[in-house]
Amino acid sequence: MFLLFTWGKTEYGKFVRLKKQRDFILSDYTDVWRVILLLLMPDKIYKTEVRSIFNGKLFNKLKEAIDDFYYSAFKPEIKPAIEFVEQAKDSATVVFEHLRGEMGDSKEIKFSDTRFQSNLMFLEKQFINALEGIKVSKKYIIFIDGIDVRPDNINYNEYLECIRESPKRYM
């Protein structure tokens, strides 16, 4: 199953602005990308896979959390996914509230605007756990069109930072 998303000038601008606002380092772009890609998958999987009461309770709770975050109007596109990341504190809070009973003994977790990286790591972990808990009948591949075109208003170094993976992640 192929998923195609379009990336444009607006998205680059948001990425660069997000980096400047959050003052994060290059490796954080990789973390942002991972959460965005993991967010784009659940809606498509939910719509295409056969669901049963035994298949993916955690996944269904995560889907409910995403729907609540977007007031049940989430369209699996890049722009809403970037908003989800930009508001990582609120996103993590909504996801936690939906998954609280599924997370074992976790009674309360505090999310903070100043802990952007921690919020992203929490979201990534929840998406991975939910996706690992379901059985899919197809393989899914995400294509992002337009990422290879650098907008005129983004300098070359910022462009490279947006699209390349940080080697620090694997050291």
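One-based numbering along the sequence shown.
Looking only at side-chain heavy atoms (C-beta outward), Phe127 and Val95 stay at 4.5 Å or farther from each other. The shortest distance between side-chain heavy atoms of Ile144 and Leu37 falls below 4.5 Å.
We find the NZ-CG distance between Lys61 and Leu99 to be 8.0 Å, quoted to the nearest 0.5 Å.
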Could you walk me through whether Glu83 and Lys14 pass the side-chain contact (heavy atoms from CB on, under 4.5 Å) check?
-> CA-CA 9 Å; Glu83 289 172 15; Lys14 282 187 170 209; 3.9 Å; yes
Test side-chain contact (heavy atoms from CB on, under 4.5 Å) on Val85 and Trp33 and set out the steps.
-> CA-CA 9 Å; Val85 169; Trp33 267 113; over 6 Å; no
For Val32 and Phe116, what are the C-alpha separation, side-chain angles and deciding distance, and is it a side-chain contact (heavy atoms from CB on, under 4.5 Å)?
-> CA-CA 10 Å; Val32 169; Phe116 181 73; 4.2 Å; yes
Trace of the side-chain contact (heavy atoms from CB on, under 4.5 Å) decision for Leu62 with Ile66 | CA-CA 6 Å; Leu62 182 61; Ile66 294 167; 4.3 Å; yes
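Residues Met41 and Ile128 share a single hydrophobic cluster, defined by chaining ILVMFWY side chains whose heavy atoms lie under 4.5 Å apart. Tyr156 and Ile147 end up in the same hydrophobic cluster when Ile, Leu, Val, Met, Phe, Trp and Tyr side chains are linked at under 4.5 Å.
Closest approach of Leu123 and Ala88 over heavy atoms only: CD1-O, 4.1 Å. Summarising the geometry of Ala81 relative to Leu40, their closest heavy-atom pair is CB-CD2, 4.1 Å, with the distance given to 0.1 Å.
A parallel orientation is assigned to the rings of Phe84 and Tyr70, their planes being inclined by less than 30° (bins at 30° and 60°).
Side-chain atoms of Arg150 come within 3.5 Å of backbone N or O of Ile154 as a donor-acceptor pair.
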